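In what follows, a single structure is set out as structure tokens and then discussed.
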Amino acid sequence: MRITQIMRHSALLLALTVIPQQLVSQPAKEHATRTMVVLLGTGTPVPDPDRSGPATAIVIGDSAYLVDFGPGVVRRAQAAVLDRGVTALEPGNLKVAFVTHLHSDHTAGYSDLIFTGWTSGRSTPLEVYGPTGLNSMTEHILQAYRIDIETRTNPEGNQRAIADGWKVNAHEIKPGVIYKDAKVTVTAFATRHAMESYGYRFDTPDRSIVISGDTAPTEETIKACNGCDVLVHEAQMLELYEKMPERLHSFVTKYHTTTEQLGALATKARPKLLIVYHTIGFRPGIVPPKFLSSMNGVAASRSTAEVLQEEIASRYSGPFVIGRDLDVY
Ligand SMILES: [Zn+2]
Ligand SMILES: [Zn+2]
């Protein structure tokens with residue numbers, strides 16, 4: 001091939017392989033002016049080194065809003081600053097959070113958020129919104145850390161200059177608009193899980209974003225999205241579900257969403273982008289965690305992302321991605 005032919009050939013190949021912009025995770029500087037969805041943790045209760053506990057950040061300019069604070073949340077936020085350039089996620093700048101429900105995988109990072117945020121420079125109380133029980137959880141965490149708080153705020157304490165940063169204003173919510181500031185309106189909607197639970201819709205100047213939390217498929221989620229820009233929704237692999245012992249089937253059926261159900265839900269909800277999260281991770285060739293006895297000690301042959309990609313693509317024709325920690329959309 002002559003050089004001009006090669007160039008034409010390369011240009012054609014490039015044109016054929018162009019991926020829609022919205023399906024590509026972007027460094028923050030690429031779209032610093034628009035609302036970003038930053039996946040801080042896409043995992044489950046499984047202590048997966050590749051997937052931190054559930055946590056998602058909505059970032060609008062220099063303001064950050066968290067949904068859920070699973071284990072690892074603050075270190076993932078710092079990684080988003082250092083590795084992805086999302087400066088609004090500086091730990092001391094984490095001031096507002098919403099929790100979908102009080103399962104430990106979504107809340108085990110609560111004390112980290114309170115205290116690491118404070119020691120990183122937050123000088124005002126943390127504002128947290130969530131279901132009934134949040135007040136009690138908050139009070140007990142603060143009580144548990146009483147000695148730390150007293151030591152850091154006494155006349156010789158190293159945090160005495162920002163002595164209010166450990167405080168938390170917890171708000172127990174009901175469905176409806178639960179938060180509003182100059183940049184965002186947040187609406188809570190009831191979801192269906194093992195306890196009182198909510199999904200959240202964020203309306204910002206340029207985007208509408210819905211986050212499901214843990215839930216079975218619900219009409220409320222479809223209504224909350226209704227053509228939204230981004231729907232972040234949980235999904236359980238059918239392949240894993242089919243291998244689970246019978247006793248776990250009813251839990252998944254009642255309280256979670258299979259890929260098959262997610263395909264049907266997203267078809268009705270019509271998001272411009274579906275991000276799949278809250279997924280159990282497998283690395284090919286490695287035996288899954290012990291408690292997943294359903295896998296019978298068999299090493300997975302494919303990664304979670306491959307299985308989810310295939311299961312959803314065969315059931316849903318809209319744009320979707322399998323979320324990974326620190327992806328930015
Ligand atoms: Zn969960
Ligand atoms: Zn849960």
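Heavy atoms only: backbone and side chains are in, while hydrogens, waters and symmetry mates are out. Note that the coordinates shown come from a computational prediction; the quantities given were computed from them, not determined experimentally. Whatever order the structure lists them in is the order used to number ligands and atoms, beginning at 1.
- Protein atoms that are N, O or S and lie under 2.8 Å from the Zn ion (ligand 1) are these: D105 OD2, H106 NE2, D214 OD2, H278 NE2.
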The test is side-chain hydrogen bond (donor to acceptor under 3.5 Å, both in side chains); show your working for H278 and D105 and say whether it passes.
CA-CA 10 Å; H278 202 272; D105 54 319; 3.2 Å; yes
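- For F251 and H256, the gap between ring centers is short of 6.0 Å.
- For the Zn ion (ligand 2), the nearest N, O or S atom contributed by H193 is named NE2.
- T218 and T221 form a side-chain donor-acceptor contact under 3.5 Å, judged by distance and modelled atom types alone.
- Considering only residues two or more places apart in sequence or on other chains, E310 meets the salt bridge (Lys or Arg N to Asp or Glu O under 4.0 Å) condition with R302.
- Rounding to the nearest 0.5 angstrom, the gap separating the NE2 atom in H101 from the OG1 atom in T191 is 8.0 Å.
- With 3.5 Å as the limit, one finds a donor-acceptor pair spanning the side chains of Y65 and D181.
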